[in-house]
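Worksheet: one structure, shown below.
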Amino acid sequence: KQERWSLDALFPGHEAPEYKDAMKKLEGSIESFEKLRPELDVEIDEEDFLKIVSDLEKITKQSNRLYGYAGLWFTEDTQDQDAQALQARIEQFLVGLQNKTLFFSLWWKGLDQMTADRLMEASGDLKYWLEEMRHFTPHTLTDPEEKILNINNVTGFSALITLYDSITNRYSFKVEIDGEEKDMTRGELMVYARHHDPALREAIYKEQYRVYGDDGPILGQIYQTVVRDWANENIDLRNYNSPISVRNLRNDIPDKAVDALLDVCQKNAPVFQRFFDLKAKWIKTDKLRRYDIYAPVAQSDKTYTFQEGVYMVLDAFQTFDPRVAELAEKIIADGHVDSEVRQGKRGGAFCWSVDKDLSPWVLLNYQGTADSVATMAHELGHGIHA
């Protein structure tokens, strides 16, 4: 059935003190880790090096659980002030600890290649992670600069994203459907983007633009500030070639590969345009409007209960491979799917992998449409990978 997810695998209940105990434990782990700093030199033994890396991995897992708990709670209800306060507190707490462990990554990135190769050869499954970290060396700043940027991201970039979520997820939209005015969330509203009635499609888009437009100056300022912050840090300070180069490097994809992809897409735009010409004929209009992009080519208002959607997805996974279906079913059985539609809940859908030892959490806003079923399959697919 559609329900809210459970975060008990992280910390049992929002009122429980366990996360506070976890914060104290994490502070102790950081304190112990800092004492290992003198051991980091070119002569370090492979076994000692891997012990340090293992300690850092444990710290990362503890940090991810705290961050995941606060972030997931916030997405449940972006209007909950307790959730907002905890997320801000955890982010501030973790950036302080992150700055205390920064010395390791700076040392590792600055290490000579021969020593790095020697240590990576003995690192087993961690080799790729260590190798990847060194790819960021040309874009790494000094210790004080990195610490300042980490702090600034919490009170700047990250805070603005949270503010945007808090503002836009409180919106409600009013549209007349079948003679009755309905009050809807954005997720409920956009179901009608695929409705067969062109007048209704136009009405829901115009209502969306009206509501967002009322806050246009505020949302515009948030967007511009986020963009400037990204450019100031990554282009001006870290010397990336372009704004997208930052994401490409994090995804371990060369700029040339992404540029080639975009170039091929641009050259083949006429194929996409031909599809829209055909779609215009299918829905009997001279030219597609913005409101017609997702119009169905045949009238169909068929819906699926949540249970039907789950069975369809699991059946498809089972046909492909039983292990895939088993992993997807475990996410649901663990209570890690939030599928309800609620005012204040974050819109859209995502999969959040907190810890490889736990099933990931999947957020849906299930509406019963074929698109909702496809979205469920998509996000559970991410969960299977996680």
Side-chain angles (χ1 to χ4, degrees), residues 1-16 18-20 22-23 26 57-80 82-91 93-94 158 161-162 164-166 168-169 185-187 250 306-307 309-314 317 323-367 371-386:
K1 62 183 181 179
Q2 284 187 261
E3 58 189 0
R4 188 185 293 242
W5 55 31
S6 168
L7 302 180
D8 287 354
L10 293 170
F11 300 102
H14 297 320
E15 303 301 322
E18 278 84 351
Y19 73 84
K20 295 177 183 176
M23 291 169 74
L26 185 53
E57 185 176 23
K58 291 173 186 173
I59 287 170
T60 303
K61 287 183 70 171
Q62 290 175 295
S63 300
N64 285 347
R65 289 198 175 205
L66 279 168
Y67 183 75
Y69 174 69
L72 289 166
W73 183 18
F74 173 70
T75 62
E76 284 183 27
D77 184 356
T78 60
Q79 308 305 300
D80 188 318
D82 289 336
Q84 292 176 15
L86 180 65
Q87 179 171 259
R89 180 186 176 192
I90 293 295
E91 285 184 345
F93 171 75
L94 291 179
S158 179
I161 300 298
T162 299
Y164 176 86
D165 284 342
S166 298
T168 57
N169 285 302
T185 65
R186 182 174 181 269
R250 290 178 189 175
F306 184 70
Q307 190 175 51
V310 169
Y311 286 161
M312 287 169 65
V313 170
L314 293 180
F317 287 166
R323 176 64 174 153
V324 169
E326 179 186 334
L327 290 168
E329 192 166 11
K330 187 176 188 308
I331 297 169
I332 299 168
D334 286 348
H336 289 189
V337 178
D338 189 327
S339 56
E340 293 179 341
V341 177
R342 300 188 300 272
Q343 193 71 37
K345 177 184 171 182
R346 177 175 155 172
F350 66 70
C351 174
W352 188 326
S353 178
V354 177
D355 186 323
K356 67 181 179 63
D357 295 326
L358 300 173
S359 294
W361 277 261
V362 170
L363 180 137
L364 304 171
N365 283 274
Y366 188 81
Q367 306 282 329
D371 185 58
S372 286
V373 179
T375 299
M376 183 197 301
H378 176 102
E379 297 303 340
L380 286 174
H382 285 305
I384 290 160
H385 292 156

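Numbers here simply count residues along the sequence, with the first being 1. Values below: every heavy atom of this structure, side chains too, minus hydrogens, waters and symmetry copies.
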Atom pair [atom1]/[atom2] of [X] and [Y] - distance to nearest 0.5 Å:
{"X": "S63", "Y": "D355", "atom1": "OG", "atom2": "CG", "result": "11.5 Å"}
{"X": "E379", "Y": "F350", "atom1": "CD", "atom2": "CZ", "result": "8.5 Å"}
{"X": "Q367", "Y": "S372", "atom1": "CD", "atom2": "OG", "result": "5.5 Å"}
{"X": "Y67", "Y": "I90", "atom1": "OH", "atom2": "CD1", "result": "11.0 Å"}
{"X": "S353", "Y": "H385", "atom1": "OG", "atom2": "NE2", "result": "12.0 Å"}
{"X": "K58", "Y": "L26", "atom1": "NZ", "atom2": "CG", "result": "13.5 Å"}

Check whether any side-chain N or O of [X] sits under 3.5 Å from a backbone N or O of [Y] as a donor-acceptor pair, and report yes or no.
{"X": "H382", "Y": "C351", "value": "no"}
{"X": "R342", "Y": "E76", "value": "yes"}
{"X": "N365", "Y": "G348", "value": "yes"}
{"X": "K345", "Y": "N169", "value": "no"}
{"X": "Q307", "Y": "K1", "value": "no"}
{"X": "Q79", "Y": "S166", "value": "yes"}

Which heavy atom in [X] sits nearest to a heavy atom in [Y], and how many Å separate them?
{"X": "I384", "Y": "I331", "value": "N-CD1, 4.3 Å"}
{"X": "L66", "Y": "A22", "value": "CD2-CB, 4.2 Å"}
{"X": "L7", "Y": "W73", "value": "CD1-N, 3.9 Å"}
{"X": "H336", "Y": "S359", "value": "ND1-O, 2.9 Å"}

side-chain contact (heavy atoms from CB on, under 4.5 Å), paired with Y366, selected from T375, V373, V337: V373
Candidate pair L358 and R65, rule side chain to side chain contact (heavy atoms under 4.5 Å, CB included), full reasoning: CA-CA 10 Å; L358 300 173; R65 289 198 175 205; 3.8 Å; yes
Qualifying residue for ring-ring contact (aromatic ring centres under 6.0 Å, His included) with Y69, from W361, F74, F11: F11
Test side chain to side chain contact (heavy atoms under 4.5 Å, CB included) applied to I332 and L380, step by step: CA-CA 9 Å; I332 299 168; L380 286 174; 4.2 Å; yes
Verdict with reasoning, D334 to W5, per side chain to side chain contact (heavy atoms under 4.5 Å, CB included): CA-CA 9 Å; D334 286 348; W5 55 31; over 6 Å; no
Intermediate values then yes/no, side chain to side chain contact (heavy atoms under 4.5 Å, CB included), F317 and E329: CA-CA 10 Å; F317 287 166; E329 192 166 11; over 6 Å; no
Minimum side-chain heavy-atom gap T75-D338 below 4.5 Å: no
4.5 Å side-chain heavy-atom contact, R186 and T168: no
F93 CZ: over 12 foreign heavy atoms closer than 6.0 Å: yes
